[in-house]
Amino acid sequence: MKKILTLLVALILAGPVAAQNGPLRLTITDGVIEPITFAAPVFQAENAEAAQVVNNLNRLVAQDLSGTGLFREIPANAYISQITSFSQPIAFADWRAINAQALVTGAVAVNGNQMTVKFRLYDIYSGQELGGGLQLAGTTAGWRRMGHKVADAVYSRITGEGGYFDSRVVYVAESGPKDNRQMRLAVMDFDGENTQYLTDSSAIVLAPRFSPTGDRILYTSYESGFPRINLLNVANVGRQQLQTAPGEMAFSPRFSRDGGSVIYSLSNGGNTDIFRSDLASGQYTRLTSAPSIETAPSLSPDGTQIVFESDRSGTQQLYIMSANGGEARRISFGEGRYSTPVWSPRGDLVAFTKQNAGRFHIGVMRTDGSEERLLTASFLDEGPTWSPNGRVIMFSRETQGESGTSSLYSIDISGRNLKAVPVQGAASDPSWGPLQP
Amino acid sequence: MRTPGTYISATGHVALIGWLFFGWGFNADPLDFDAMDVSVISGEAFEELRAARTPEPGEADPTAPVQPEIDDTPPPPPSAEDPAEHTPPPDPVDPPDDELPPPPPPEMLVTEAEDTPPETPDVPESLPSSPNVDVNAEPAPTQAPRVATVPTAPPPPDAQIDDTVREVVVPDETTTADVPIEDDTPTAPEVTATEIAIEDEKPSGLVETSLRPVSRPSRPTPPAPEPDTPTETAEAPTEVETPSDDAVEAALAAALAAEAPAVAVGPALTSLEESSFRLAISACWNVNTGSQAANVVVEVGFSLDANRRVVGNDVELISSSGGDEAATRTAFDAARRAILRCSVERGGYNLPSEKFEHWKDIVITFDPSQMRLR
């Protein structure tokens, strides 16, 4: 008995002692939302030919990172240390002194039309290199892509997400007055550079969509007087009309996640339903058969579900059904009309266009319809498309009036960093392609 | 100018004066009124009365009892003029006896009744003040003299040699003497204090000392360790016995040995100090709200040196939840960057140096659930 009491007393006494002797424990739930500061000294030119490109390459990397709104570059005139060699040790204290959290160093070598770019990323406050060094090789003509690749790597290593800088966007380039608008397909880098036109303006083209691999484009053409779906090869700009189910009008196409089939809308006798066609065999499947209008289908990343818009309830709302058709469940219940849903590459959100009270919005919601957030508001915002990493949404915005034009905008899904995409001329209907290999 | 008005006025005035003079129609009896006894005293009596009633300035508070001085000499016999002698107060509530004259007035007071019915003497609401008696006050306890006022009897005289020779009487131990033993112990007078006597006397029959408990037998000395036995470090208290056959005490000793060296001394961090430290790190914790890492909760640990800087820039990931490997890595990097960045930017954290033992090891949980996009 005495021993038991002794043990109990010891345990009682040991309890507080252990509580006092443990480490100080805190929980932090509030942080800040501010750009990560980084320094990107001019890359080292390892030969004379490289001297002509290092500065542009360096600026491109810095612009890509700063353009996300998640990073802020420290100007070069604030540097204490200078990078004179790609392999020199880093004076972390000097970079800490100017509040740089990350440091990007690089070197470029050019041999003829071939060039190599290598870079390192440092975490200044931990005094460590973040990831290993990386070297890229390409042609001098493709220096921008190499710069985007470097920026993607830096972005990915710091944020833990994939980048989106080395990607392209297909859109409808517009010209002329509203009542006689000339439209043609164009493709550009995500930042508006390297624009290339894929079609002429002889026919109205709408709703281009990149394939999952970025080598093909689906779009709606009025070349025959009726809307039809065309398939365009990006490499040779060859195009062909897609064999669809018989109907008066076919439009709003999207590739399946594997790129082997297409889902689209087909209109017959005033009724519009959703179909799926296999690209190889031409076989089609009817996915909806309601008397209402079902259109704008978009597949989930895993390819098992389809989100689409329908007016079966009397107004345009968003629904989700199985990829093979069947019962659909409504996910939008807010005021106004919902249209053009697009499933996020992450699979957690659905972007949409919402019209309410005379205004258009770009918004996102969970796939169950919860947590709806409107990111924009204007006279006319529509046609959202996701960046490859699911972090940014690009859309078209049209200004009011007869002289109003359409242009492309992008916004972070946090609702920050809304900015216009520098596109040559008017543009609409963007479709963000995948990261290029 | 003797006009009729003049005659009329003179006649009226004469009539009025005459009516007032003769009092026609008035009652000549005096009105009833209450009468009050008035005493008339001489100036000497009043001064004597006032002197006896009102204390002189600087005189001791009459309410405070004055400690009588010890006077070894026998006090003189009490006299009637002694002001310290208290007389029993008169009973103020005794109804007046019709057959008896009114209570005697105070000394040297001469009453003169004027228009006062003698048969119904008014009892004044407040009795006339008396220089020696306070009728409303409780009788003051009689201050007993600490030394008897009556001298005790002198001790018996020494033995004197008697002229008559007597035989020595051997007392029989088996029998008790029938001679009564006089108690010569002097007794104190009835009214005397006992303090003086008590100081030198001890009450008989009291227990002067009590038995103390027997001291605990000392424990056997543990055997000396073998010379070749490896000695443990001195972290464990040596006084803790660890008999090899006593598992409970061995566990106790082991627990004490493990815990004792890590005891933190001094007061813990106050809530304000903790909040300040938490805010400092929060200001450096940059949350990428739209990223997958914003769904990850990470728990990191690190140590600070005496300069309040992270030891070796070493921050360890203890646990995580809510994301895949890439998101966890990003969340941990953000937490580590916050800790190291604030440590550097602030030249060390603002923590009280005297509480170093309390903050040298820190574990922080970074929970972005309230910041991520909803």
Side-chain angles (χ1 to χ4, degrees), chain A residues 2-4 6-7 9-11 13-14 17-18 20-37 69-70 92-93 96-97 99 101-102 123-128 130 156-162 346 348-349 364 366 370-371 373 389-392 412-416, chain B residues 246 248-249 251-252 255-256 259-260 262-264 268-269 274 277-278 281-293 301 303 313 315 323 326-331 333-341 343-345 357-371 373-374:
Chain A
K2 175 185 174 185
K3 294 176 180 177
I4 295 175
T6 304
L7 184 58
V9 170
L11 292 175
L13 294 177
V17 170
Q20 291 177 352
N21 295 333
L24 174 62
R25 292 183 176 275
L26 301 173
T27 298
I28 296 178
T29 57
D30 292 326
V32 297
I33 302 173
E34 61 182 15
I36 296 174
T37 56
L70 303 177
F92 291 104
R96 289 193 199 105
N99 196 29
Q101 300 177 52
D123 186 339
I124 296 299
Y125 284 95
S126 66
Q128 298 174 350
L130 197 56
S156 180
R157 290 181 183 184
I158 294 178
T159 65
E161 303 172 336
R346 294 179 183 172
D348 56 345
L349 296 173
V364 294
R366 297 286 179 185
S370 63
E371 301 181 16
R373 291 185 295 115
N389 65 352
R391 182 59 195 255
V392 181
D412 190 273
I413 61 169
S414 64
R416 302 181 181 86
Chain B
D246 192 336
V248 175
E249 294 194 9
L252 174 60
L256 293 176
E259 300 294 341
V263 172
L269 291 178
E274 278 194 16
F277 180 57
R278 185 184 299 108
I281 296 182
S282 296
C284 294
W285 183 36
N286 195 0
V287 181
N288 189 356
T289 55
S291 68
Q292 297 294 320
S303 297
N313 283 346
V315 180
T328 300
R329 182 68 192 177
T330 303
D333 285 342
R336 181 181 61 177
R337 195 176 299 118
I339 294 168
L340 298 178
R341 179 184 171 194
S343 174
V344 172
E345 289 184 351
E357 291 295 328
H358 292 280
W359 50 256
K360 65 179 182 180
D361 297 317
I362 301 174
V363 173
I364 299 180
T365 300
F366 289 88
D367 183 359
S369 57
Q370 297 181 12
M371 296 191 66
L373 299 177
R374 298 180 185 282

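Letters go in sequence order (proteins before strands), and every chain restarts at 1. What you see is a predicted model, and the numbers here were worked out from it, not measured in a lab.
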Interface residue of largest heavy-atom contact number with chain B, from A/Arg157, A/Arg96, A/Gln101, under 4.5 Å: A/Gln101
Is there a side-chain contact (heavy atoms from CB on, under 4.5 Å) between B/Arg341 and A/Asn99? Walk through the geometry before answering. CA-CA 9 Å; B/Arg341 179 184 171 194; A/Asn99 196 29; 3.8 Å; yes
Dump the intermediate steps for side-chain contact (heavy atoms from CB on, under 4.5 Å) on A/Asp30 and B/Gln370, then the final yes or no. CA-CA 7 Å; A/Asp30 292 326; B/Gln370 297 181 12; 4.0 Å; yes
Chi angles and distances behind the side-chain contact (heavy atoms from CB on, under 4.5 Å) call for A/Glu161, B/Thr330: CA-CA 9 Å; A/Glu161 303 172 336; B/Thr330 303; over 6 Å; no
When rounded to the nearest 0.5 angstrom, what distance separates OG1 in A/Thr159 from CD in B/Gln292? 10.5 Å
Taking B/Asn313, B/Val315, B/Ile362 one by one, which has the highest count of heavy-atom pairs under 4.5 Å against chain A? B/Ile362
Atom group of B/Ile339 that falls short of 4.5 Å from chain A, counting heavy atoms: neither
Mind checking what makes ring-ring contact (aromatic ring centres under 6.0 Å, His included) contact with B/Phe277, not counting sequence neighbours? B/Tyr349
Please classify the contact between B/Asp333 and chain A as side chain, backbone, both or neither, with a heavy-atom cut-off of under 4.5 Å. side chain
Please state whether the side chain, the backbone, both or neither of A/Asn389 comes within less than 4.5 Å of a heavy atom of chain B. neither
Can you list the steps and then say if B/Thr289 with A/Ser414 is a side-chain contact (heavy atoms from CB on, under 4.5 Å)? CA-CA 7 Å; B/Thr289 55; A/Ser414 64; 3.9 Å; yes
Side chain / backbone / both / neither for A/Ile36 at chain B, heavy atoms under 4.5 Å: both
Region of A/Arg391 that comes under 4.5 Å of a non-hydrogen atom in chain B: side chain
Please enumerate all residues that pass side-chain contact (heavy atoms from CB on, under 4.5 Å) together with A/Ser126, with sequence neighbours excluded. A/Asp123, A/Gln128, B/Arg336, B/Leu340
Please identify, among A/Thr27, A/Ile158, A/Val364, the residue contributing the most non-hydrogen atom pairs under 4.5 Å to chain B. A/Thr27
Looking only at heavy atoms, which two atoms of A/Ile28 and B/Arg278 are closest? And how far apart? CG1-CG, 3.7 Å
Can you give me the closest heavy-atom contact between B/Ala326 and A/Gly160, atom names plus distance? CB-O, 3.9 Å
Identify which of B/Ala283, B/Ala327, B/Ala293 forms the greatest number of heavy-atom pairs closer than 4.5 Å to chain A. B/Ala283
May I ask you to decide if A/Thr29's main-chain N or O and B/Asp367's side chain share a donor-acceptor pair within less than 3.5 Å? no
Answer yes or no: is there a side-chain heavy-atom contact under 4.5 Å between B/Ile281 and A/Leu26? no
Non-hydrogen atoms of chain B under 4.5 Å away: do they reach the side chain of A/Ile33, the backbone, both or neither? both
